[in-house]
Amino acid sequence: MTVDIMWKKLPIKPIEVSLNKVLRCGQTFRWKNVNNTWSFTTQDRIVLLKQFEDHIQYSWIMLEGQPKDVPHSQLEKETTSFIEDYFNLEVNLESLYKNWIKADLLYKKKKTPFQKFPGIRILRQDPWETLISFICSSNNNVKRISKMCDSLVNEFGEYINEYEGIKYYSFPNFQSLAKPGVESKLRDLGFGYRAKYIYQTALKFLDNEKYPDITIEKLNDLRLQDYETAHDFLLQLTGVGPKVADCICLMALDKHDIVPIDTHVYQIAVRDYKFKGSKTMNKQVYHQIRVFFKEIFGPYAGWAQSVLFTSDLGDLNNGINKVEVIKGEEETIKVENKRGILRTL
DNA sequence: TTTAGACCTGCCCAG
DNA sequence: AGTGACAGGTCTAAC
């Protein structure tokens, strides 16, 4: 079945959003790059994005079997609303960068990462998806996390539709991840010990008797609560420690000033900002570094941190999300790996 | 209250 | 080609 795709324009420059960076720097693990078009699923559609020098083009493919009587203009409006919300577009990134560069040059003589890597912003992702994705992230690398998230939607999500011969599924809700047998299925899919964490966390959301406080409504409501409340709530969940909780606070719950401290950021603090602290990471050092970065970069310190992190990451082409569909006599799917070698699936 | 080990998997990269 | 360390940590069990 061929679907006509109509492209619309949004006047967004790369300096405000760099799709290649933002969608591959370890905030989200679910966007696929198919023939230079970025694709993602919400609960009811595939969203498509394409970046150009002075704008971004977008389109969408609705859930298969949707009633056709919804006006095109409404679907378009819904899609733009999603994009504006998801990319936090009301935040002017360019002006934030200007302040960060000023602050950063106090520590550096050369160019700062903010001059070298424009367009990196924090996304406003769905709290449940962010929670599960970052449970997967513990002691793990971006490539495998992406693969795991892909398995998760393909195995437990709802079918949405097809694009370029690839089937797309929605991110699974807590009910589908709390079903019996999910843990061992996740083990089979290569989740390792995180299989248990995901299943247990989903169970806590399901079991209202035992955990009346743990509901999706409360999780989503954390966007309106203060940081401590959100952080404490998240720590109740299995597989969520301080680092993962902070990632969720920053990337889903509007806590823009929160800097998640991992081994990477710790290195950056010591190496580039002459942070002096103990060699081992403990709760105190964790807090110290967070405050340290917040004092340098201000209320959007978490956003600044993601630029530093990305610049330190080096190679963003982690391979898993780059797909090239070549149409011939038979459709073949080729995946470009990190070294740029194509292998046929 | 604070601090080592164990924990799954896979892929990058020295010996 | 074949091992080993390591990857945006968390949990658990003892000091």
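So you know, we letter chains A, B, ... as the sequences are listed, proteins then strands, and number each from 1.
Distance noted for atom P between dG8(C) and dA6(B): 22 Å (whole Å). To the nearest whole angstrom, the two P atoms, one in dC11(C) and one in dG10(B), are 23 Å apart. Taking atom C1' in both dT10(C) and dC11(B), one finds a spacing of 23 Å when rounded to whole Å. When the P atom is compared between dA7(C) and dA14(B), the two are found 14 Å apart, to the nearest whole Å. Here the separation of dC8(B) from dA13(C), taken at their P atoms, is 14 Å to the nearest Å. dT9(B) and dA1(C) have their P atoms separated by 26 Å, given to the nearest Å.
Taking every heavy atom of residues 231-255 of chain A and every atom of DNA chain B, no pair lies under 4.0 Å. Only Q305(A), listed by number, bring a heavy atom of residues 293-305 of chain A to less than 4.0 angstrom from any atom of DNA chain C.
Salt bridge annotation for R30(A)-D126(A): absent, with no cationic side-chain nitrogen under 4.0 angstrom from a carboxylate oxygen. We find that E53(A) and K13(A) are not joined by a salt bridge, their nearest charged nitrogen and carboxylate oxygen being 4.0 Å or further apart. For the pair K255(A) and D246(A), the salt-bridge criterion is not met [side-chain N within less than 4.0 Å of a carboxylate O]. A salt bridge links E162(A) with K167(A): the distance from a Lys NZ or Arg NE/NH1/NH2 to an Asp or Glu carboxylate oxygen falls below 4.0 Å.
Between F134(A) and F29(A), the distance from one ring center to the other falls under 6.0 angstrom. Here the two rings, on F309(A) and W303(A), have centers that are 6.0 Å apart or farther. Ring centroids of F191(A) and Y197(A) are separated by 6.0 Å or more, keeping the two rings apart. If you look at F40(A) and F171(A), their ring centroids are not closer than 6.0 Å.
Close to dG9(C), at under 4.0 Å from its OP1 or OP2, lies a side-chain N or O of T263(A).
Between the CZ atom of F309(A) and the P atom of dA7(C) there is a distance of 11 Å, given to the nearest Å. At whole-Å resolution of the value, CD1 in I261(A) and C1' in dT10(C) are 17 Å apart. Here dG9(C) presents its P atom at 13 Å from CE of M148(A), a figure rounded to the nearest Å. In this structure, I198(A) atom CD1 and dT10(C) atom P are separated by 14 Å, rounded to whole Å. Between K283(A) atom NZ and dT1(B) atom P there is a gap of 10 Å when expressed in whole angstrom units. In this structure, CG of D312(A) is placed 12 Å from P of dA7(C), rounded to the nearest angstrom. Atom CD1 in I145(A) sits about 12 Å away from atom P in dT10(C), given to the nearest Å.
For the residue pair T310(A) and D312(A), no side-chain donor N or O sits within less than 3.5 Å of a side-chain acceptor on the partner. Side-chain atoms of K204(A) and Y199(A) include no donor-acceptor pair closer than 3.5 Å.
When the side-chain hydrogen bond (donor to acceptor under 3.5 Å, both in side chains) test is applied to S184(A), no partner is found at least two apart in sequence or on another chain. With sequence neighbours excluded, the residues that form a side-chain hydrogen bond (donor to acceptor under 3.5 Å, both in side chains) with E16(A) are R121(A).
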Quick one, S137(A) with N140(A), criterion side-chain hydrogen bond (donor to acceptor under 3.5 Å, both in side chains). Give me CA distance, side-chain angles, the key distance, then yes/no.
CA-CA 5 Å; S137(A) 79; N140(A) 209 345; over 6 Å; no
Taking it one step at a time, do Q74(A) and E78(A) satisfy side-chain hydrogen bond (donor to acceptor under 3.5 Å, both in side chains)?
CA-CA 6 Å; Q74(A) 188 186 323; E78(A) 288 169 1; 3.0 Å; yes
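Here the side chains of L63(A) and R45(A) are not in contact, with every heavy-atom distance at 4.5 Å or above.
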Measure all distances between protein nitrogen or oxygen atoms and nitrogen or oxygen atoms of nucleotides 8-11 of chain B, and list the pairs falling under 3.5 Å.
from	atom 1	to	atom 2	distance (Å)
dC8(B)	OP1	R187(A)	NH2	3.0
dC8(B)	O5'	R187(A)	NH1	2.8
dC8(B)	O5'	R187(A)	NH2	3.3
dC8(B)	O4'	Y193(A)	N	3.3
dC8(B)	O2	R144(A)	NH2	2.6
dC8(B)	O2	R194(A)	NH1	2.8
dC8(B)	N3	R194(A)	NH2	3.3
dC8(B)	N4	N139(A)	ND2	3.2
dT9(B)	O4'	R144(A)	NH1	3.0
dT9(B)	O2	R144(A)	NE	3.2
dT9(B)	O2	R144(A)	NH2	3.0

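Annotation: of the two residues near DNA chain C, Y197(A) and G26(A), the 5′-most nearest-nucleotide partner is G26(A).
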Dot-bracket for DNA chain B, please. Rules: Watson-Crick or G-U, both distances under 3.5 Å, ( ) within the strand, [ ] when a pair crosses earlier ones, | for another strand, . otherwise.
.||||||.||.|...
